[in-house]
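A short write-up of the structure that comes next.
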Amino acid sequence: MKVGVVYDDLFLAHDPGYGHPERRERVEVLAGIVRGPRAVSELIVTPSRRAERKDLERVHERDHVDLIEATARRESVQLDGDTATSSGSAEAAMLAAGAGLHLLDRIADHEIDTGFAFVRPPGHHAEWDRAMGFCLYNNVAVLAAYARVVHHRHRVMIVDWDVHHGNGTQHMFEEDPSVLYLSTHRYPFYPGTGALHERGKGEGLFTTVNVPMPGGAGDAEYLAAFHEVVRPVVEAYRPDLMIVSAGFDPHENDPLGGMHVTAPTFGEMGALLTHAASDLGAPTVFVLEGGYDLDGLDQSVRAVLDRLKTETPPAAAPEHSRLTPILDAVKHAHEHFQPLAHAHR
Ligand SMILES: [Zn+2]
């Protein structure tokens, strides 16, 4: 497959403060993937583009966009307990929100088959009206809304494998059956949302799928979740676009996550999603979320890109894991899939 990557030096301009785990060095790792002696071959690399105000306001309140833009005039602004800006953050956030839009446009123009947006700040904790948990704008939500309005995609599936639950993304689409949000995450854990019984509301009932994972889960548990829950949900929902909130903080060396996933398993998860989507004719766009161990981030992103390039199919499902009771509970909570059929109109 032709793999597009958005990389931009301007993502270095966001500085959330000394000692913050979501640090500029993460961008330097990503730079080493697209250029220099260890660059991954055959990637089609482009800089990002700014999301326009109308793109942001499909999922964010106008006052929130005003607030983020105003931070450009200040050396530092503290937005919540662990979210702060520097004077370059507003520009970086606008480019982070635009990166996925750029990739989707290029997919529609047949210039690339799939894409990975190497963005920061991350996005999935950002709510309609506020920044939260290192996130300023909700990058995948901006992309999902753009895909619906501009590219007429009617069944957008967002799979979020970051170790944290994407509260912002869930809340933005929990009543909307045209966007299915599925998250695997450590639970209970920050930010506190993502319980099994959070399944969407109103018209969107059952188009939110939460797979809460115990601390210490590793390769076997994640592969079991992807084979037993994620793939059947893809097949039931039949998305016309797959978006991945690709956080690498479930990595075994991550300082925040407390999980034991290794780099090849992220490649396997990426392969499973892209193959399941492409069997339905749907492209896949990956958007970076967390991932705070620099070597773990480097190896994991490379593993995903390698699987996209080579199109090696996913391996067979593991026989069983200690996650089986949780996965059975998720399947039980979603055994009535008829509401998903309503989303197919
Ligand atoms: Zn995270």
His164, His20, His124 screened by ring pair (Phe, Tyr, Trp, His ring centres under 6.0 Å) with Phe134, the one that passes =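 That would be His20; it is the only one of His164, His20, His124 passing the ring pair (Phe, Tyr, Trp, His ring centres under 6.0 Å) with Phe134.
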**OP:** Report the C-alpha separation of Asp219 and Thr265 in whole Å, then their side-chain angles, then the decisive distance to 0.1 Å, and conclude whether the side chain to side chain donor-acceptor pair (under 3.5 Å) test is met.
**Re:** CA-CA 6 Å; Asp219 294 338; Thr265 293; 2.9 Å; yes
**Contact check, side chains of Thr274 and Met242, non-hydrogen atoms, under 4.5 Å** =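 Answer no - side chains too far apart.
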Are Pro21 and Leu256 packed together at the side-chain level, in the sense that at least one heavy-atom pair is separated by less than 4.5 angstrom?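 Yes - at least one pair of side-chain heavy atoms lies under 4.5 Å apart.
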For a salt bridge (Lys or Arg N to Asp or Glu O under 4.0 Å) check, start with the C-alpha distance between Asp298 and Arg302, then their side-chain angles and the critical distance, and finish with the verdict.
CA-CA 6 Å; Asp298 184 51; Arg302 287 173 187 272; 2.9 Å; yes
Could you list the residues that satisfy ring-ring contact (aromatic ring centres under 6.0 Å, His included) with Phe11, not counting sequence neighbours?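 Applying ring-ring contact (aromatic ring centres under 6.0 Å, His included) to Phe11 gives none.
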Nearest 0.5 Å, what's the [atom1]-[atom2] distance between [X] and [Y]?
{"X": "Phe116", "Y": "Leu43", "atom1": "CZ", "atom2": "CG", "result": "11.0 Å"}
{"X": "Gln170", "Y": "Thr207", "atom1": "CD", "atom2": "OG1", "result": "10.0 Å"}
{"X": "His165", "Y": "Thr193", "atom1": "NE2", "atom2": "OG1", "result": "4.5 Å"}

Here the salt bridge (charged side-chain N to carboxylate O under 4.0 Å, His left out) pairs for residues 306-316, sequence neighbours left out, are Glu268-Arg307
message = Please evaluate residues His64 and Asp129 with respect to the criterion side chain to side chain donor-acceptor pair (under 3.5 Å), reporting the C-alpha separation (whole Å), side-chain torsions for both, the decisive distance (0.1 Å), and the verdict.
response = CA-CA 5 Å; His64 174 63; Asp129 59 350; over 6 Å; no
Check your understanding: Do NZ/NE/NH1/NH2 and the carboxylate oxygens of Arg26 and Glu22 come within less than 4.0 Å?
Key -> yes
Show every donor-acceptor pair shorter than 3.5 Å between a side-chain atom in residues 87-97 and any protein atom, with sequence neighbours excluded, or say none if there are none.
unit_1: Ser89; atom_1: OG; unit_2: His14; atom_2: ND1; d: 2.7
unit_1: Ser89; atom_1: OG; unit_2: Ser86; atom_2: N; d: 2.8
unit_1: Ser89; atom_1: OG; unit_2: Ser86; atom_2: O; d: 3.3
unit_1: Ser89; atom_1: OG; unit_2: Ser86; atom_2: OG; d: 3.2
unit_1: Glu91; atom_1: OE1; unit_2: Arg50; atom_2: NE; d: 3.2
unit_1: Glu91; atom_1: OE2; unit_2: Arg50; atom_2: NE; d: 3.2
unit_1: Glu91; atom_1: OE2; unit_2: Arg50; atom_2: NH2; d: 2.7

Look at the rings of Phe266 and Trp161 and say which category their plane angle falls in: under 30° parallel, 30 to 60° tilted, over 60° perpendicular. tilted
*Under 6.0 Å between ring centres, would you say that holds for Tyr292 and His251?*
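No, the ring of Tyr292 stays outside the 6.0 Å limit from the ring of His251, centre to centre.
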